[in-house]
Novice: 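A single structure is presented below for examination.
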Amino acid sequence: MGKNKLKKFNEMKGFRCVVEAPMYLPEPMAHELRGAWNEKFFGRQAPIVLELGCGKGEYTVGLARKQPERNFIGIDIKGARIYTGAKTVEEEGIANAGFLRTQIANLPAFFAPGEIDELWITFPDPQLKKTNKRLTSTRFIDYYRKFLKPDGIINLKTDSPFLYAYTRRLAETNGLEIIEDTDDLYATPGHELEKEIKTFYEQQWLSRGKSIKLLKFRPGVLPLAEPDVSDLEPDDYRAAARFNRSGDDRD
């Protein structure tokens with residue numbers, strides 16, 4: 001590990017806004033903040049929104065600035081990514097934003113049933129060949145149901161035609177309520193908030209002429225079935241190339 005990363009990790013240990021957790025935490029071993037994020041972490045009662053795979057935290061920080069009436073938590077396992085957003089939160093004193101460093105599969109051990117109002121999934125790897133690793137697969141939606149409110153919302157923002165089509169079909173197959181659906185966000189009127197906040201990767205895809213897709217839906221409560229996507233074309237650019245990162249972002 002490079003000296004720059006070590007410096008970041010050591011500095012981050014003193015950040016009030018960051019909670020670091022073990023790589024794996026069995027659900028029965030509930031974290032001390034489970035069910036008490038508003039009380040113990042934010043010090044106020046407000047709806048809680050998570051950004052999953054938050055990377056540098058652009059959405060966590062951007063939404064927190066624009067929606068001070070809500071509390072936001074960015075989730076990622078990569079400390080060097082979280083550092084960027086956490087540093088901004090510390091320097092600007094953004095009281096309604098925080099970060100949790102852990103794996104997404106651990107989240108039911110950190111959040112109690114009904115504790116979370118909304119999820120943002122921003123530009124995840126579409127996992128073209130590994131269904132159970134897609135962050136909108138039935139496997140992960142079952143995780144989200146454990147802590148989302150019954151009427152909670154899942155927001156997917158992606159450049160991947162495949163992931164967008166897969167998630168849309170999953171929602172339709174299972175009768176999930178679709179709230180908003182556009183396959184070209186910047187050609188669709190409205191959606192000002194979603195257009196104003198851009199992640200690092202979103203800016204890259206826009207500069208390359210890729211359209212951005214937005215899908216908002218509720219996860220429902222009935223058992224889920226994976227949709228048949230055998231007719232869907234894979235993305236026309238390699239998944240690996242989508243996530244070529246500098247060394248600073250690999251850990």
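Just so you know, these numbers come straight off a predicted model, no measurement behind them.
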Novice: Stepwise, does the salt bridge (Lys or Arg N to Asp or Glu O under 4.0 Å) test hold for E11 with K7?
Specialist: CA-CA 6 Å; E11 184 179 355; K7 181 181 177 182; over 6 Å; no
Novice: What is the distance from atom CG of L170 to atom OG of S137, rounded to the nearest 0.5 Å?
Specialist: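 Atom-to-atom, L170:CG and S137:OG are 8.0 Å apart.
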Novice: Give, for atom NZ of K56 and atom CZ of F200, the distance between the pair rounded to the nearest 0.5 Å.
Specialist: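 Result: 6.0 Å between the selected atoms.
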Novice: What I want to find out is whether K213 reaches D183 closely enough, with some N-O distance under 4.0 Å, to be called a salt bridge.
Specialist: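 Between D183 and K213 there is no salt bridge, as every charged N stays at least 4.0 Å from the carboxylate O atoms.
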Novice: Honestly curious: do F123 and L193 fall in one hydrophobic cluster under the side-chain, below-4.5 Å linking rule?
Specialist: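 F123 clusters together with L193.
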Novice: Got a salt bridge between K87 and E91, using NZ or NE/NH1/NH2 to carboxylate O under 4.0 Å?
Specialist: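 Salt bridge present between K87 and E91.
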Novice: Ignoring hydrogens and geometry, is there a side-chain-to-backbone donor-acceptor pair from R145 to G220 under 3.5 Å?
Specialist: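 Checked: pair present.
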Novice: Using the side-chain hydrogen bond (donor to acceptor under 3.5 Å, both in side chains) rule, take E226 and T131 through it: C-alpha gap first, then chi angles, then the decisive distance, then the call.
Specialist: CA-CA 9 Å; E226 282 290 338; T131 303; 5.3 Å; no
Novice: Taking all non-hydrogen atoms of both residues into account, name the closest pair between E233 and F162 and its distance.
Specialist: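 Between these two residues, the closest heavy atoms are O-CD1, 3.7 Å.
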Novice: Would you say the side-chain atoms of E115 pair up with the backbone N or O of A36, donor to acceptor, closer than 3.5 Å?
Specialist: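 Between the backbone of A36 and the side chain of E115 there is a qualifying donor-acceptor contact (under 3.5 Å).
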Novice: Parallel, tilted or perpendicular: which one describes the rings of F111 and W37, with boundaries at 30° and 60°?
Specialist: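 The rings of F111 and W37 lie parallel, inter-plane angle below 30°.
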Novice: Within the 4.5 Å heavy-atom criterion, are L52 and Y144 side-chain neighbours or not?
Specialist: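 Result yes, sub-4.5 Å side-chain heavy-atom pair found.
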Novice: Do R16 and F41 form a cation-pi contact, if we require the NZ or CZ to be under 6.0 Å from the six-membered ring centre and within 45 degrees of the ring's axis?
Specialist: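 Yes, R16 lies over the aromatic ring of F41.
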Novice: Do the side chains of T102 and L107 get nearer than 4.5 Å, heavy atoms only?
Specialist: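 The answer is yes, as the side chains (C-beta and beyond) meet within the 4.5 Å cut-off.
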Novice: Just so I know, are the side chains of T158 and T167 near enough to count as touching, which here means a heavy-atom distance under 4.5 Å?
Specialist: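 No, side chains not in contact.
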Novice: Could you tell me if the side chain of P219 sits less than 4.5 Å from the side chain of L148, heavy atoms only?
Specialist: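 Of all side-chain heavy-atom pairs linking P219 with L148, at least one is under 4.5 Å.
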Novice: What residues form a salt bridge (Lys or Arg N to Asp or Glu O under 4.0 Å) with K198, not counting sequence neighbours?
Specialist: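 With sequence neighbours excluded, K198 shows a salt bridge (Lys or Arg N to Asp or Glu O under 4.0 Å) to no residue whatsoever.
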Novice: Would you mind listing every salt bridge (Lys or Arg N to Asp or Glu O under 4.0 Å) that reaches into residues 35-47, with sequence neighbours excluded?
Specialist: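 The answer is none; no pair qualifies.
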Novice: I want to check something: taking the side chain as every heavy atom from C-beta on, are I73 and T60 in contact at a cut-off of under 4.5 Å?
Specialist: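 Side chain of I73 against side chain of T60, heavy atoms only: no contact under 4.5 Å found.
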Novice: Between N174 and A225 (side chain of the first, backbone of the second, donor and acceptor by atom type, cut-off under 3.5 Å), is there such a pair?
Specialist: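 Judged by distance alone, yes, a pair lies under 3.5 Å.
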Novice: Please give me the minimum heavy-atom distance between P234 and L128, naming the atom from each residue.
Specialist: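 Looks like CB-CD1, 4.3 Å.
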Novice: How many angstroms lie between CD1 in I154 and CD1 in I141, if you round to the nearest 0.5 Å?
Specialist: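 Atom-to-atom, I154:CD1 and I141:CD1 are 5.0 Å apart.
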Novice: Who are the side chain to side chain donor-acceptor pair (under 3.5 Å) partners of R218, not counting sequence neighbours?
Specialist: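 Here the qualifying residues are E177.
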Novice: Taking side chain to side chain donor-acceptor pair (under 3.5 Å) as the definition, give me every residue that meets it alongside N10, ordered by chain and number, with sequence neighbours left out.
Specialist: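 By the side chain to side chain donor-acceptor pair (under 3.5 Å) rule, N10 matches no residue at all.
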Novice: For F140, does the six-membered ring have the charged nitrogen or CZ of R134 within the cation-pi criterion, i.e. under 6.0 angstrom from the centroid and within 45° of the normal?
Specialist: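 That pair does not qualify as a cation-pi contact.
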Novice: Report the distance from atom SG of C54 to atom CD1 of I121, rounding to the nearest 0.5 Å.
Specialist: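 C54 SG to I121 CD1: 13.0 Å, rounded to 0.5 Å.
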Novice: Please identify each residue that fulfils side chain to side chain donor-acceptor pair (under 3.5 Å) with S230, with sequence neighbours left out.
Specialist: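 Expected list: D228.
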Novice: Test: salt bridge (Lys or Arg N to Asp or Glu O under 4.0 Å). Region: residues 65-77. Which pairs qualify, not counting sequence neighbours?
Specialist: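 Applying salt bridge (Lys or Arg N to Asp or Glu O under 4.0 Å) to every pair that reaches into residues 65-77, excluding sequence neighbours, yields R65-E92, K66-E196, R70-E118, D76-R81.
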Novice: Quick check against the 3.5 Å criterion: does R168 have a side-chain atom that pairs as donor or acceptor with the backbone of I178?
Specialist: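 No, because the side chain of R168 does not come within donor-acceptor range (under 3.5 Å) of the backbone of I178.
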Novice: Between V61, N96, V18, which is the residue that forms a side chain to side chain contact (heavy atoms under 4.5 Å, CB included) with V89?
Specialist: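 With V89 as partner, side chain to side chain contact (heavy atoms under 4.5 Å, CB included) holds for just one option, V61.
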Novice: Does any non-hydrogen side-chain atom of K149 lie less than 4.5 Å from one of I116?
Specialist: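 Counting from C-beta outward, I116 and K149 never come under 4.5 Å.
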Novice: Less than 4.5 Å apart, any side-chain heavy atom of W120 and any of K216?
Specialist: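 Side chain of W120 against side chain of K216, heavy atoms only: contact under 4.5 Å found.
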Novice: Inspect the contact between K210 and D235 and indicate whether a charged nitrogen and a carboxylate oxygen are less than 4.0 angstrom apart.
Specialist: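 So D235 does not pair with K210 through a salt bridge.
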Novice: Could you check whether any side-chain heavy atom of Y186 comes within less than 4.5 Å of a side-chain heavy atom of I212, counting everything from C-beta outward?
Specialist: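 The answer is yes, as the side chains (C-beta and beyond) meet within the 4.5 Å cut-off.
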Novice: Can you tell me how far the CG atom of D184 sits from the OH atom of Y164, to the nearest 0.5 Å?
Specialist: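 Separation between the atoms: 10.0 Å.
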Novice: Assess whether a salt bridge exists between E194 and K157, defined as any Lys/Arg side-chain N lying under 4.0 Å from an Asp/Glu carboxylate O.
Specialist: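 Looking at E194 and K157, the cut-off is not met.
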Novice: Just how far is it from atom CG of L215 to atom OG1 of T182, taken to the nearest 0.5 Å?
Specialist: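 Between atom CG of L215 and atom OG1 of T182 there are 10.0 Å.
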Novice: If every non-hydrogen atom of F99 is compared with every non-hydrogen atom of G57, which pair is closest and at what distance?
Specialist: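 Taking every non-hydrogen atom into account, CE2-CA, 3.9 Å.
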Novice: If you compare all heavy atoms of G35 against all heavy atoms of A112, which two are closest, and at what distance to 0.1 Å?
Specialist: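 Taking G35 first and A112 second, the nearest heavy atoms are CA-CB, 3.6 Å.
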Novice: Can you name the closest pair of heavy atoms from C17 and A97 and give their distance?
Specialist: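 It is CB-O, 3.9 Å.
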